[in-house]
Amino acid sequence: MKPYTVSRALFEEALRMIPGGVNSPVRACRSVRRDPVFILRGEGPRIYDVDGNEYLDYVGSWGPMILGHADPDVVAALREAAGRGASFGAPTELEVDMARLICALMPSIESVRMVNSGTEATMSAVRLARAYTGRDLLVKFDGCYHGHGDAFLVRAGSGLATLGLPASPGVPEDVARNTLSLPYNDLSAFEGLMDDAGDRVAAVIVEPVAGNMGVVPPATGFLETLRRRTSESGSLLIFDEVITGFRVALGGAQERFGVIPDLTCLGKILGGGLPVGAFGGKREIMSRLAPEGDVYQAGTLSGNPLAMAAGLCTLRKLSARGVLESLESESALFWEGLRRCGTETGIAVEVNAVGSMGTLFFTENPVRNFQDAVSCDGERFIRYYGALLEQGIYMAPSPYEAMFVSVSHGREDLERTLEAVRKAFQGLR
Ligand code: PMP
């Protein structure tokens, strides 16, 4: 590895002007006791830093880059769209194309509104759910992350988990009081809450496969119980498919697990790497949004032509026959390979995975919820992270995140990664 001279200089300058030197907290790499690497460019599964180092990337911009970096078709679509003008603040055909494609891929979505980030999608969906039900309470699950809206920053995953923050100052007590957070996959806790307060619950929001405490799949019956009890109490079920949408199946976790929410939040892959989010669902609920209804929600850049072009191209390529299936089977071999690295070197690991998203936890025990995830060996993770980076493998700098395999990762890339993992494990003994 070449020394991080340019990265370090850029970070020092960034620290003077940008809080923590980064525009999103986990990028600072504090939890792995490092400074961030500054990226120059990416191509397929590889990224290149400003100091001339090359990495195989398993962050994929935290999920969006399912085709790999700078996919030639996406780049061409972007060039063409940019040549026609970046934004008009008036309707374009691309937005209709996007709505049609989303509704076709996710039949639970009859009507959809584009926004600019996953955070906007979840915030707007909850406002709509509250208006529709005339109730205030929101139920979420510990370790799930739904963006940085006030209502969600209670026992949240991702960056808050990484930084060890139970919640955020600046969220009014009055807001936090309306959010109830329960252990993920805990059916009896959920049923108990719904017995007591179901008639006051506006919405239950969940990552149908958790990705922000590391990957934690839903236990048998978990999503089904959420569906049944919300229907019974007149509460809305919101699936936050910002990560899982178009990844665990084209139709998201709702297709894969056969549980249909009232509202769905989307982001990441939907924008092909550009800033995008969306939320949608039953027409009857969505029609409460302005200008059709009285619930206000808006955005200067919503449905932005560049974002629509990149997203449409990405979704169309993913929809081609066999693409997701092959990603899924290559990924399955990879997760199995990671488990084997553990057995062969005597390092205790649990690998949770659904499709092309997975997390390696340093533990002997199954990881079924946030409590299990935070009980894993954090020191071991830090050493493992460093050992992989030095071998040119770029992972999320936190034990509470997913690894994302992309369509562009070839078998030989995945095998080279397994070699690096084996070597890293040998250094941990
Ligand atoms: N929901 C989930 C499940 C997420 O993983 C994220 C971001 N990691 C968000 C919402 C928020 O999305 P954004 O960062 O685009 O605001």
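Start at 1 and go down the list; that is how both ligands and their atoms are numbered. For the numbers below, each heavy atom of this structure counts, side chains included, while hydrogens, waters and symmetry mates do not. Numbers here simply count residues along the sequence, with the first being 1.
Ring centroids of Phe257 and Phe239 are separated by 6.0 Å or more, keeping the two rings apart. For Phe222 and Tyr184, the ring centers sit closer than 6.0 Å to each other. Two rings, from Tyr58 and Phe404, have their centers 6.0 Å or more apart.
Checked by atom type and distance alone, the side chain of Ser356 never pairs as donor or acceptor with a backbone atom of Leu327 at under 3.5 Å. Looking at Asn304, its side chain does come within 3.5 Å of a backbone N or O of Ala86 through a donor-acceptor pair. Between the Thr359 side chain and the Val215 main chain, a donor and an acceptor come within less than 3.5 Å of each other.
The cationic atom of Arg41 (NZ for Lys, CZ for Arg) lies less than 6.0 Å from the six-membered ring centre of Tyr48 and within 45° of the ring axis.
With ligand atoms numbered from 1 in the order given, ligand 1 contributes 15 (O), 16 (O) to contacts under 4.0 Å with heavy atoms of Ser117. If you number the atoms of ligand 1 from 1 as listed, the ones under 4.0 Å from a heavy atom of Ile243 come out as 5 (O).
Of all protein heavy atoms, the one lying nearest to atom 9 (C) of ligand 1 is Gly147 N, 3.7 Å. Looking at atom 1 (N) of ligand 1, its nearest protein heavy atom turns out to be Asp240 OD2, 2.6 Å. Among protein heavy atoms, atom 5 (O) of ligand 1 sits closest to Asn212 ND2, 3.0 Å.
Between Ala121, Gly118, Cys265, it is Gly118 that holds the heavy atom closest to atom 13 (P) of ligand 1.
Residue-ligand proximity: Lys268 is placed with a non-hydrogen atom under 4.0 Å from ligand 1.
Counting heavy atoms closer than 4.0 Å to ligand 1, residue Val242 contributes side-chain atoms (C-beta onward) but none from N, CA, C or O. Here Glu207 has side-chain heavy atoms under 4.0 Å from ligand 1, and that is the only part of it that gets that close. When heavy-atom distances to ligand 1 are checked against a 4.0 Å cut-off, Tyr145 comes that close through both its backbone and its side chain.
For the 3.5 Å distance criterion, the side chains of Asn212 and Tyr400 fail to qualify, holding no donor opposite an acceptor.
Considering backbone and side-chain N/O atoms, His146 never comes within less than 3.5 Å of an N/O atom of ligand 1. The distance criterion of under 3.5 Å between nitrogen or oxygen atoms is met by Thr119 with respect to ligand 1.
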